[in-house]
Number of protein chains: 2
Amino acid sequence: MTVTIKDVAEKAGVSTKTVSRVMNGEAHVRPELRDTVMRVVEELGYRPNAFARSLSSARSYLLGMFLDDPAWSGYAAGMQRGALIRSRQRHYHLVVEPVDSRIEGWEIDLMHGIASLRLDGAILTPPLCRMVSLLERLEAIKLPYVRISPGEDEGRSGVVDIDEEGAAFAMTDYLLQLGHRDIGFIEGIPSHAATPKRRAGFLSAMHRAGLPVDAANIVPGDFTFRAGIEGGEALLGRSKRPTAIFASNDDMALGVSAAAAKLGISVPGDVSIAGFDDGPTARVAWPPITTIRQPVGDMAAAAVDILIDPAYREAPADRRFHQQLPYELIVRGSTAPPAS
Amino acid sequence: MTVTIKDVAEKAGVSTKTVSRVMNGEAHVRPELRDTVMRVVEELGYRPNAFARSLSSARSYLLGMFLDDPAWSGYAAGMQRGALIRSRQRHYHLVVEPVDSRIEGWEIDLMHGIASLRLDGAILTPPLCRMVSLLERLEAIKLPYVRISPGEDEGRSGVVDIDEEGAAFAMTDYLLQLGHRDIGFIEGIPSHAATPKRRAGFLSAMHRAGLPVDAANIVPGDFTFRAGIEGGEALLGRSKRPTAIFASNDDMALGVSAAAAKLGISVPGDVSIAGFDDGPTARVAWPPITTIRQPVGDMAAAAVDILIDPAYREAPADRRFHQQLPYELIVRGSTAPPAS
DNA sequence: GTGAAAGCGCTAACAG
DNA sequence: CTGTTAGCGCTTTCAC
């Protein structure tokens, strides 16, 4: 049989409540007693039963991460990894809930799943973090949540993001510094808040440089490699093609790179290519992709910290629960000055 | 307040035990009563509290997946995704436990983490599935586990894998069919069981074709892109270079591809490149990588099914709990007949 | 087929 | 500072 709190209490000659206090690091226990208890805990190899604990207290020590990413991209994987690791450090467990919002009834499914688990909080990743009906449901059951890069309605909950627009501006500016004037841009999927922001950053850098942006230089995309190929072919197939292409994420940048290879256009000799995210794929390309590093792991970890903070339930709108993490411009081999 | 079993029992005019029986799909309930109860459950939106249930019964409806993958490759992500989705279908939850076996004391940490959760079972992925001391610990606490591709000691538990050797043989054979005779091979990380098996498959295909394998044609690797670059440079930098290179996974194949690009060697014109796994990176390369599709998602799902099977606890060595899933040779653009 | 009573292992609330 | 008393919400006996 497994060791229970009673066994420990008995052997240590104290009440179960005292053991409980020690295990939870509460104050008001004499240091000597605490040591005695800890020793017995070690001896017996006692581990509190998480279910019993959750049943009698309000907390479950369980956090949820809701993910709607059919492609299961490096972005989602990195988020998960970051949240997982931090959760463990803080003695919480993470329950990842994959969601497919294309399927009718997904919200109800999701709510059912979490209703029985009594999560202490949830992390909402894009694009779920923008689905108001989901937010309302969570609020209705008073489940605290933190959104990652929602891009709007930021007072509604804790938020972790980066300065998407600033980052896109910085990348565009970098390309301009290299001497590029005719720059193509491939957009992300419209459901993500990052999409308009990255475009805005691109446009504002172009405008600030006094450069016109030909409408044909902005093509739609959806963050997939395939979209990058198609966008790349569209941009590079024109008679007067851009000397640089900024794709809204790395997978699309790789697609552009593939399109260039197909067309016999060299990178970065004939065309420079930039991505966004610095996901796992950006590094396994040749040439490696110049990109914006988005600290997805740290972002997820920050979300965990916010959720665990006891003060968060009281004041979810507090400024300190809105964290913007730094991005970084990573210059690799896919960008160079334009051919003269 | 949330709805409890009592509320349902009261409103339906039955005992809590009857509600419990209905919720658990037990026999011995009159159909009409069952319907009444179900209706009330719907009306009230009742969801059983997983903690209360786990506390009083033996089951937790929680499965663990232990992952030791510092690189957090597509392989691990795919496994996770497959297990996650199947777990939800079966009304279980999956608790992913990332592990870093390079850190002293990881086993104890892991055991602590799971002790409090009373998992119903665990999925062990490579290379954890080969760590005997871990297996012993799990057996000591009677936690059923299923191993993914352990490569040895297969009677010890349920196992899900593919025919690694056969797959490597098939790939090599395909390259031979194309006309290649001088084929380089890059090995995986030694801690994975797949590593010697893939090499064995390669060697046996070469031997069967009556071809000698120069020792210099087999270079070490560790499944990373970097190792692929290094291995590729080693193989392609030689005066008499191989006309094809078979890397033990996709990331390394991409590394070879990058090395070839650096050296000005065209793919597949001058050298053919093949990978293994068909992970997310294989498709975002140019040219796309010819590879072996390993159904990682299905493998993880199969592991979930085995763990949930009530018969598994009794007879973990039963043949039906050893499943070998089919692999598939995926021909893409990175392979072609050798230049004449 | 159905129900009553007794916990599962822990913590909250209150005493002392 | 420490202990006692009640449950948390469910399932398990074991009656009926």
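As the structure is a prediction and not an experimental result, all values here were calculated from the model. All chains are named by letter (A, B, ...) in the order of the sequence lines, taking the proteins before the strands, and each is independently numbered beginning at 1.
- Distance, B/Met23 CE to D/dT12 C1': 18 Å, rounded to whole Å.
- Taking the side-chain contact (heavy atoms from CB on, under 4.5 Å) definition, one finds that A/Ser56 meets it with nothing, sequence neighbours left out.
- A search for side-chain hydrogen bond (donor to acceptor under 3.5 Å, both in side chains) contacts involving A/Ser101 returns A/Asp68, not counting sequence neighbours.
- Between B/Ile5 atom CD1 and D/dC8 atom P there is a gap of 14 Å when expressed in whole angstrom units.
- Within the structure, a side-chain polar atom (N or O) of A/Asn24 is placed less than 4.0 Å from OP1 or OP2 of C/dT11.
- Within residues 52-63 of chain A, the residues having any heavy atom under 4.0 Å from DNA chain D are, by residue number, A/Leu55, A/Ser56.
- Under the salt bridge (Lys or Arg N to Asp or Glu O under 4.0 Å) criterion, the residue pairs touching residues 78-91 of chain B are A/Glu97-B/Arg88, B/Arg86-B/Asp305, B/Arg90-B/Asp305, with sequence neighbours excluded.
- Counting to the nearest Å, the P atom of C/dT11 and the CZ atom of B/Phe51 are 13 Å from each other.
- The neighbour count for B/Arg320 CZ, taken as heavy atoms of other residues, nucleotides or ligands under 6.0 Å away, is above 12.
- Looking at residues 6-20 of chain B, you'll see B/Val14, B/Ser15, B/Lys17, B/Thr18 sit with a heavy atom under 4.0 Å from some atom of DNA chain C.
- Residues satisfying the ring pair (Phe, Tyr, Trp, His ring centres under 6.0 Å) criterion with A/Phe51, sequence neighbours excluded, are B/Phe51.
- Contact annotation: the side chain of A/Val95 never approaches that of B/Val96 to less than 4.5 Å [non-hydrogen atoms, C-beta and beyond].
- Scanning for ring pair (Phe, Tyr, Trp, His ring centres under 6.0 Å) contacts around A/Phe321 gives A/Tyr312, with sequence neighbours left out.
- A/Glu26 has its CD atom 12 Å from the C1' atom of D/dC1, to the nearest Å.
- Between its two ends, the helix from C/dG1-D/dC16 to C/dG16-D/dC1 turns its axis by 30°, counting five pairs per end and rounding to 10 degrees.
- Distance, B/Leu117 CG to C/dG9 P: 16 Å, rounded to whole Å.
- Partners of A/His192 by ring pair (Phe, Tyr, Trp, His ring centres under 6.0 Å), not counting sequence neighbours, listed by chain and number: A/Phe223.
- With sequence neighbours left out, B/Arg102 forms a side-chain hydrogen bond (donor to acceptor under 3.5 Å, both in side chains) with B/Asp100.
- Side-chain atoms of A/Arg21 come within donor-acceptor range of the base of D/dG3, with a qualifying N/O pair under 3.5 Å.
- Here salt bridge (Lys or Arg N to Asp or Glu O under 4.0 Å) pairs that include residues 143-153 of chain A, with residues two or more places apart or in two chains, are A/Arg130-A/Glu152, A/Asp153-A/Arg156.
- Across the protein-nucleic acid pair, A/His28 atom NE2 and D/dT2 atom P stand 11 Å apart, rounded to whole Å.
- Taking the side chain of A/Arg30 as heavy atoms from C-beta on, and the options C/dT2, D/dC10, D/dT2, the nearest nucleotide is D/dT2.
- Taking the side-chain hydrogen bond (donor to acceptor under 3.5 Å, both in side chains) definition, one finds that A/Asp298 meets it with nothing, sequence neighbours left out.
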